[in-house]
Amino acid sequence: MVAPLFRHVALVGMMGSGKTTVGTQLAEGLGRRFVDSDAQVEARTGRTVREIFEHDGEQAYRVLEAEALADALDAEEPSVIAAAGGVVLDPENRRRLNQGAWVVWLRADPEVLAGRLLPSGGERAPSDPDHRPLLADDPEGTLRRLTTEREALYAEVADTTVEVTSRSVDEVLLSISEWLRT
Ligand code: S3P
């Protein structure tokens, strides 16, 4: 367990891949602070992600997202960071992640993400609409498209990939802990 003592662990992956759930428990297990980059954005601005998207646009949100990530990575005390799903779009974010953290990609099939994020049948409004405005229209199609667009970027930044499709939180945690020990 030498490496994780000195470096942040950052979880990346699509919306619904379990970054917050896994990250909270991983931080507890490692005795570290847990930092959620979007929670930082919302705390700083006093607005939800959806409000920022609606009033200022996605690009303005991406700037705040990058600042929150940079601050989390700059902190001296090693933490576990849940990085918002879109951070990998920005090459500078990818560089910072690689420089400042062990990066774990929680990879899931889009169908699994949809199963987790969208109520089954009837209304297809996504869960947590204040946090996930991108899923307001055609959420299933959007999850498929974003997964296709981003897989190579997650792969580029990842030090390890943990498949979360059909695996429990405990199994995912075990995989990450075993990898951190190597
Ligand atoms: C986004 C993911 C969301 C949130 C925003 C945009 C994305 O965070 O930052 O809705 O572009 O994938 P989570 O990955 O925590 O759901």
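Read the numbers this way: they start at 1 and go in the same order the structure lists the ligands and their atoms.
- Proximity to Y61 (heavy-atom distance under 4.0 Å) selects the following atoms of ligand 1: 4 (C), 9 (O).
- A donor-acceptor pair under 3.5 Å is formed between the side chain of N98 and the backbone N or O of V157.
- Of the protein's heavy atoms, M15 CG, 3.4 Å lies nearest to atom 2 (C) of ligand 1.
- Short contacts between ligand 1 and G86, defined as distances under 4.0 Å to a heavy atom of the residue, involve ligand atoms 7 (C), 11 (O), 12 (O).
- For the atom pair CG (L26) and OG1 (T21), the distance works out to 12.0 Å, reported to the nearest 0.5 Å.
- Here the shortest heavy-atom distance to atom 15 (O) of ligand 1, taken over R150, E42, H131, R50, belongs to H131.
- Atoms of ligand 1 lying under 4.0 Å from any heavy atom of P133, numbered from 1 in the order shown and given with element: 10 (O).
- Comment: R144 does not engage E111 in a salt bridge, judged by the lack of any side-chain N to carboxylate O separation of less than 4.0 angstrom.
- Between the side chains of S17 and R116, no donor-acceptor pair is found at a separation under 3.5 Å.
- Nearest to atom 4 (C) of ligand 1 by heavy atom, out of D38, V49, D130, is D38.
- Contact atoms of ligand 1 toward G85: 2 (C), 8 (O), 12 (O), 13 (P), 14 (O) (distance under 4.0 Å to a heavy atom of the residue).
- Every atom of ligand 1 with a heavy atom of R132 under 4.0 Å away is listed here by number and element: 10 (O), 16 (O).
- With salt bridges taken as basic N to acidic carboxylate O contacts below 4.0 Å, none links D130 and R47.
- Residues E92 and R96 are paired through a salt bridge, judged by an N-O separation under 4.0 Å between the basic side chain and the carboxylate.
- Residue R62 places at least one N or O, backbone or side chain, under 3.5 Å from an N or O of ligand 1.
- Between R181 and E178, no side-chain nitrogen of the basic residue sits less than 4.0 Å from a carboxylate oxygen of the acidic one, so the salt-bridge criterion is not met.
- Taking 4.0 Å as the cut-off, E58 does not count as a neighbour of ligand 1 on heavy-atom distance.
- Scanning all protein heavy atoms for the shortest distance to atom 6 (C) of ligand 1 gives L134 CD1, 4.0 Å.
- Taking CG from D109 and OG from S166, the interatomic distance works out to 7.5 Å, rounded to the nearest 0.5 Å.
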